[in-house]
Amino acid sequence: MIRYFLSLTVLLAGLFAAATSSADNSTIGDGVAPGANNAAAAAAKEKGGYVADYDDIFKVKGGPEAKPDTEIKPLMWNSVDEVFYDELGPHVEQPIEFPHDRHAGDPNKVNPDGKTGDGINCMYCHTYARRSLTSGIPPLRKCIGCHQNIPSVRDTPRIEKLFEYWDAGKPIPWKKVHDLPDYVRFNHERHIQRFIFKQERPYKEVCGYCHGDVSSMTVARRVKTLSMGFCVNCHKKNHALDNTFTKAGHGPNDCFMCHK
Amino acid sequence: MKIKSDTFIRNPKDLWKGEPEHTEVRDLSPHIGFNQITSDVVNSLENPRPIYWWAIAICIAMVGVGVACEVHQYKTGLGVSNKSNTNVWGVYIASFIFWVGVSHAGTLLSALLHLTHSDWRKSVFRYAEAMTTFALMTAGLFVIVHLGRLWQVYYVMPYPNERGIWPNFQSPLVWDMFVIGTYLTCSSIFLYTGMIPDLAVFRDNIHDGWRKKLYTFLAMGWQGTDRQWRNFRVAYLTLSVYLIILAVSGHSVVSSDFAMSQQPGWHITSFPPYFVVGALYSGNAALITVFIILRYMFRYEEYLNMDVLRKLVRLTFALAMIWTYLHFIEMATVWYGHDQAAKDQLIFKATGVYAGWWWLFNFLAVVCPWVMAFRRWQTNLPVQMVLSLLLNVGMWLERWLIVAPTLGHSHYPWTFDFDQWPSYIQWGILFGSFGWFGLLLLVFCKVFPAVSMYELKELAYARKVELRHAHAEEGHGRPELATKGAH
Amino acid sequence: MSIANLLQNWSRYRDTHPYGGAKPHMGYKWAMAIDMDICTGCNACTVACYAENNLAVVGKEKFLNGKSMHWLRIERYWHDSVEAGDPIELADGKEFKEGKQFHDQGAHFLPMMCQHCEAAPCETVCPVGATNHTQDGINSQIYNRCVGSRYCNANCPYKVRYFNWFNYQDPATENVWPEPLNQQLNPDVTVRSKGVMEKCTFCVQRLRAVMVDARTEERLVREGEVQTACQQACLAGAISFGNMLNPESRISKQWMQQEVNIALDAQPKNKHVGDAVDKRGYRILENLRPYPSVMYLEQVRESAV
Amino acid sequence: MIENNFNRRDFLKVLGWGGAAVALSACGNTSVEDGTEFVTAHSTEGMPEYAIPGVYVHFNSTCAQCDSGCSIVGRVREGRVLKLEGNPESPINKGKICGLGQAGLQAHYNPDRITQPMLRKGDQGETITWEQALTLINEQLGGVKGNEVAFLTGGVSGHSGVLLKNYMDALGSANHYAYEAVTPSVVRAANKKSYGVEMPRLHIDKAQVVVSFGADFLGAWVSPVNFTQQYAKFRKGPNGSRGVLIQVESKMTLTGANADRWLCIRPGTEGVYALGLINALGAAGFKVPSAAAAIAKDYTAERVIQETGIPAEHTEKVVALLKERTPSLVLFGSAAEGYAHGSQNAAAITLLNHVLGNVGKTMAAPASVPFPQIAPKVGNRHALHALNDKIAQGNIKVLFTYGSNPVFTSHSSLNFKENLKKVPFKVVLSHYRDETAMEADLVLPLDSVMEDWGSSVPEYMADAAQINIQQALSEKLYPDTRGFGDVLLALLKQRRPTEYGQYEDFYGYLRNAMVQNKAALGGGTASDDMFWQKTVSHGIIKLPAKAASALKTPTATKLAFAAAAADEAYPLHLIPSTSAHMRDGRHANIPWLQESPDPITTVVWDSWVEIHPATAAKLGVVEGDVVEIASRSGAIKVMVYVFKGIHPDAVSVPMGYGHEAMGRYAKNTGQNVFKVLDSVFDKETGELALHETRVKVTKTGQKVKIVKDEGPYGGGQAGKRIALRKTTDKVNLSKEV
């Protein structure tokens, strides 16, 4: 039996490795540009209280030979393309069908309903993402703050409903779309800080990596599995740490990071 | 000549007399022919003594008790079994080892003695092999029952998963999972393979009903051709060799659950042989119990006869002596070793809260088997029945006294000496496990040949040949005399 | 972990004993020191632990049955209890034989929690790898991976692991946190359900919060930036905690001053007999070689009175 | 954009409807199994910018679990206060907080809190509104004279104390009784007499030797958090010398358990020993003032040994140590004061301090708050007796109680519960439906400390004078509870509407009172808002230090100690011990405190009686036996804990257990030792002498398993290297001894 099992698993592994070894591309920060200098690293070292071990943690790579860590073998699931984690979540019925496309969509693109988006930054409303574990749902007064100055849509059903809540003084009971189990703790702040502020990637790419292209949805819907494999897959890769591409490192991989 | 058949219930006055000399028989009477074997076995399946149905009912009731306890434990949490943060293990792990132990005797009889051409095993090895399989199934249940989140038991298996994580291959529990799984698979295959010729006989002797369909399916078109027999023997031999390795490694791995740890009383190098021999010992004792029950229940007096029992008892006695030796060796190495904690642990066993049980276990498992040394009691059925049960109680206690005292008295004095008496839930599940094992075995013996017909026929043939030779050499005289020297 | 690393060398992927091991600590090695001379046994740390880590209050009956859930327990020893045990061998080789009628040199309080051993006996035996060594030297316990085999507890020399024998969070049965008591529960710490093992985590939720901040600011966590709940509560300041790899930290200075080397199973301190009071550091059951991360400082009693 | 300018107070107001959903959202109260969340979304409606979901906010406040006045920091997230820490700014606790203080959270979130005003209807309670309740009080007060109204409180201070005094003045009543069952009131009286102040500031950290006569300063005496911090410094020593602690008592306290030498003294002979020490010091060549020497000259070594039972060798060593090392400090606590001659004991011990020259060195005059009206009014046991006498004479028609539970804590010979029936209208302001509330006609539910505003002045101030601000850390859990100050204000509005009508609530009053005295409080030229904001955010106002006055010089008087008469019928002394967690029983309904073991015996969830092995052998009892402890006043049945930390002539039962009401955790947990206390009083102060009760112990034959954390191995170490102890010989006394 033991031989069965081993041969079976090895076979499976081989299959996956073969099927997916060439599919490792187009992820956030996967490439580290060669030839970057060490100055940024040295500067960063000076910031810390003590810096001796900083290099060890972040695997600072310098010099012309610097390249992404290609030593990682094609692992079981590691190199499976993100497509593997595409999975539409259930439809969540919200008290107000909030049109994300109308707010965050591309201003130059016409939506099916004949309107263009406003191109609002995600973090204009989900304002806590950069400084808290949770991204936060905007308070009602944030909605009202804008909409009381937009008379053109004041009479549409959704906005009327919005003002009903406002007048009643009740918060809108939004339902959770991206719901992680309680034994998982995802930290928005760290990801936003790293990928948007440090690496200066476009917010649509960063937020969209997990949440999908929300700017094309009305009511948001989960598009990735947000499963552990989805997280781990990314955390195993070597990413550039800043936009100078002098340093690379992967996310923490110990279980205590998310489960505690 | 008809040999006097024993009955289960004897004159109480004769109880301690043992077997009279003149009823001495060989493993199979030379007067039993092939047809009689077939008809006896087939008839025994059709028509067991009524006690069979009582036994079935009792087993079902026992299983019911066990299931009820388990359901309660599952719903409420393991706390109802009254373990504590010090004594985290208890009856379940002890019973797990016990049942794995029981399984070993079957392999010994069916595989090892097969290789050594011990012909007397031929009437008992089939049910012994069945016991192996069922005892392993019972043992597996205990592992699951013991888990805090038994619905997550599949985490232990190395299956490719989305999370990209594996079980911990360093853990002896994972080795356990592998070895028990492998052992169970192989022993089932071994049991089934050995039954194929007999199943074909059943197929041919039973003419309708679901049994016919079942046997037809299971016999896999066995026709008894030369080629089939040749392949069969090769396969059977190969499997038996493989199974012996598994059996030895199996209980060694179980022992490493303990021996791999650093806890005093567990961290003992001699544990693997100690466990394996202990397993054979308790398994053989269980074989004797089942021997006596089946003999009466299915009217197998001709086949499960006194000669076989005597040999079984002698084998058990020999194992008991080896085990006793290892038992004292284990204590001696601790006593003369430098590990003070282990020494304390040994003293604790003999004097602490578990002292009564420890001395009882020593009496049952070390002293009691000496009864088997006496010839007059070797074939005394009531004595052997009681004795074999006592030995198993003793050996169960041995396992429990490996598990519990170490937990209660290991390295850290603050947690010493909690006397955590298992609650009725633990006892209920243990009780249920005997019902579960008994039920499986009884159903098996009713549906499948509990004695191996084809091997008995080989034996019958051999005995007939012997008889013929005796006649030819002596020219006259009684066949019993001719075969007497063969003991 | 994957097939590939399984085939390469699976054991290489475990974080174990750091000195000589394949995987050194990455910037952090959290450790603790407890000075038992100033620990008064007041239980403030225990209550703080209950508050911080959502520990279940099990009640009288379960406490009696040894099901208490105190991750941090204060043990109270008497050095003069001649009947209860053997004379205690002191560090200087003398035997302690004092106090017959009264406990006249007081008690000895010893806060005992998970020692976060570098070569933890619990880690190797967990069948599902629910307890592991992290790169910063913590012995982790992952509740959602735990199947409840309790092997870790059976192997723990200190018996500091606590099992959820019941569903303490279930309002229908145990109801340890009846409304509104459940509003006190720390959202950073999972409330454990039945059937999983739990233990002291060195307040990992606090550690991780500051470590994440430090990463964002591209530095290491500074000394004093994080405290465990027990350390924060300890009135006498008997508990110190910090990063051993930071040479400036109090903890690393303390270990160095006490000449306790985390990588040794016996400390060669005999040369300091003359200066005995200052070299009081030791680790409990060090000789079993779990390489615990908690150093205790011996209690001192004045012999002049 | 609408940007509301939220301040701290508004935040709490709006949190009610914004925070309701939030409150549960991050509870972590979901299953590990399926991980589904109960709550739909984070709602941040109405929350100010600094209140970010998932991020902790810290607010300063003051702990009210005991009277030490530690400043705390509440860790608040999403409107819920999750943990309490110490406020580093406070000189009292310097960033630390004891277990009792931490457990304040569970007093706040306690499931057995009263949520609505209750009016007695026969045996039943009926919920009424606050308006009805206040109207009812007004009606009841209408027909009675001012002096027929009494207010029984615990210790009060700060602005609620001011309001209380004003209310009593408005009623024309002088019947404010501050009652504390467990409080060092004889110590205060003796200190006042000897040093001129009730509670001198102690410098344990500066002392080289501390001799403590039963003062459990690490456990439950006066200001344990401060003293423990001092103790840590004392042990480490300023220049490498480690302070030596000697504890003289009959029952080992937590402090005794930490002593270098625990001297077991015959109950009640502490004064004899103190004088014996003075005498021996004189004999050893120490310069003892002649007046003191005269007093002590009769206390020869033989007499001291005979009366106290302390062996001469230990006394000699203590004397040598005291002579060798200065400064020292002599403390005394409940064990010394709790006798009929408690004041005499105390006087002898204070005299020892004078002799050793500690006054002024390790004891200093305390700072005082320049506002006498907010100064603490500490409670004592005498107050209850005075009130009880009045009630018994039928002179009280309306009784308010707050912050005490006299029905539980009064000894049964006082017959308080029965007497209470003579009061026609009893109003109880309480958090729990405790024993006193069960007797009440009207029960008014109070805010928890986490919900209420207030100010307080601690009795023992470690440094300069300070005023503590108590800030609401979270929104009210129940809409129908009110703060003590709010209730007083509402009552005052009935009496003096013109004066108090301007204040919307107690918060307004408090703010106004503080802001008005801005200059005196060190506010400088800051605006009112700025000053108030600063005050609240610091949680403490440190007042400018005044030059400390010197302590009094000794005035020696002749002391006499009543020799403990042998009592044939009741041979043993009963020592009701104070547990650091239970105190007088007011915290019995906090599960954390019930579950955290008693440090010495490690017993949980029950009360026990400590008996010395010799006595136990004489009585034929072993651990777990249930014995009856009977005094002349009553009897309780408690389980035995055999313990070598108690004098063979004494038994000890902890106070605070044995509630008959109060809540699920307190009810029927243990036995109430107050029941068996005899009515014996200290001769000078009239305080109940807690330790003077004589009992007999009889075996009941019943046996229980004692629930304790200590394993069956009983704290032995089995020869293993677990808890190691070193002996030090830094102090060389060889030339003296």
Side-chain angles (χ1 to χ4, degrees), chain B residues 74-89 93 143 146-158 160 163-177 257-258 260-264 266-267 341 403 406-407 410-416 418 420 423, chain C residues 1-3 6 10-11 14 62 65-69 73 75-77 84-85 110 112 121 123-132 144-168 170 173-174 193-197 284-285 288-290:
Chain B
Y74 176 86
K75 282 193 167 168
T76 321
L78 263 175
V80 292
S81 63
N82 198 19
K83 299 187 190 95
S84 73
N85 284 328
T86 314
N87 300 36
V88 281
W89 288 352
I93 291 291
V143 175
H146 142 94
L147 286 185
R149 300 205 299 164
L150 52 100
W151 50 97
Q152 306 283 33
V153 64
Y154 62 90
Y155 279 180
V156 183
M157 292 184 212
R163 297 180 288 277
I165 43 182
W166 295 96
N168 180 5
F169 294 107
Q170 277 175 317
S171 167
L173 275 191
V174 174
W175 311 344
D176 262 4
M177 189 273 303
D257 283 356
F258 303 98
M260 287 284 162
S261 88
Q262 229 177 354
Q263 301 297 84
W266 290 358
H267 183 57
V403 174
T406 291
L407 290 171
S410 57
H411 285 300
Y412 206 72
W414 189 253
T415 60
F416 272 8
F418 274 103
Q420 207 71 29
S423 76
Chain C
M1 262 162 258
S2 65
I3 278 286
L6 176 67
W10 182 82
S11 63
R14 287 190 70 96
K62 296 198 178 84
N65 289 331
K67 297 186 175 73
S68 52
M69 302 298 274
R73 60 174 187 245
E75 294 167 2
R76 189 269 297 116
Y77 294 101
L110 186 146
M112 174 48 75
E123 286 170 14
T124 48
V125 296
C126 176
V128 293
T131 178
N132 275 301
N144 43 311
R145 179 69 179 168
C146 178
V147 294
S149 75
R150 311 190 287 293
Y151 201 174
C152 49
N153 179 302
N155 253 15
C156 175
Y158 308 95
K159 291 278 179 282
V160 284
R161 294 177 148 267
Y162 301 91
F163 189 69
N164 282 274
W165 297 102
F166 295 97
N167 202 359
Y168 292 117
D170 184 4
T173 56
E174 296 302 319
S193 71
K194 75 173 170 192
V196 299
M197 192 60 81
I284 294 172
L285 298 179
L288 297 175
R289 298 195 191 102

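Note on naming: letters A, B, ... go to the chains in the order of the sequence lines (proteins, then strands), and numbering restarts at 1 for each one.
Between C/Ile284 and C/Met112, the closest side-chain pair of non-hydrogen atoms falls below 4.5 Å. Side-chain contact between B/Ser410 and B/Pro264: present, with at least one pair of heavy atoms (C-beta onward) separated by less than 4.5 Å. Side-chain atoms of B/Lys83 and B/Leu407, non-hydrogen and from C-beta on, never get closer than 4.5 Å to each other. B/Pro158 is listed as a side-chain neighbour of B/Pro167, based on a closest heavy-atom distance under 4.5 Å.
Counting heavy-atom pairs under 4.5 Å between each of C/Tyr162, C/Tyr151, C/Phe163 and chain B puts C/Tyr151 at the top. Chosen from C/Arg73, C/Met197, C/Lys62, the residue pairing most often with chain B at heavy-atom distances under 4.5 Å is C/Arg73. Options B/Leu150, B/Val153, B/Leu147, B/Val174 differ in how many heavy-atom pairs under 4.5 Å they form with chain C, and the most are formed by B/Leu147. When each of B/Ser261, B/Gly79, B/Gly77 is scored by its heavy-atom pairs under 4.5 Å with chain C, the top score falls to B/Gly79. With respect to chain C, the highest number of heavy-atom pairs below 4.5 Å among B/Thr406, B/Thr415, B/Leu173 belongs to B/Leu173. Ranking C/Glu174, C/Arg150, C/Arg289 against chain B, the residue ahead of the rest is C/Arg150, based on heavy-atom pairs under 4.5 Å. Your options are C/Val125, C/Asn65, C/Leu110, C/Val147, and the one with the most heavy-atom pairs under 4.5 Å with chain B is C/Val147.
Qualifying side chain to side chain contact (heavy atoms under 4.5 Å, CB included) partners for B/Val80, counting only residues two or more places apart in sequence or in other chains: B/His72, B/Gln73, B/Thr76, B/Ile425, C/Phe166.
For C/Pro121, the part lying near chain B is the side chain, with the backbone staying farther off; criterion is any non-hydrogen pair under 4.5 Å. Using a 4.5 Å cut-off between heavy atoms, B/Asp257 touches chain C through backbone and side chain atoms alike. Heavy atoms of B/Trp266 lying under 4.5 Å from chain C belong exclusively to its side chain. Heavy atoms closer than 4.5 Å to chain B are found in both the backbone and the side chain of C/Leu288. Neither the backbone nor the side chain of C/Thr173 comes within less than 4.5 Å of any heavy atom in chain B.
Cation-pi geometry between C/Lys194 and B/Tyr74 is met: the NZ or CZ atom falls under 6.0 Å from the ring centre, inside 45° of the normal.
For the residue pair C/Trp165 and B/Asn85, a side-chain donor N or O sits within less than 3.5 Å of a side-chain acceptor on the partner.
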Inset, instruction - Report the C-alpha separation of C/Tyr77 and B/Trp414 in whole Å, then their side-chain angles, then the decisive distance to 0.1 Å, and conclude whether the ring pair (Phe, Tyr, Trp, His ring centres under 6.0 Å) test is met. - result: CA-CA 9 Å; C/Tyr77 294 101; B/Trp414 189 253; 5.5 Å; yes

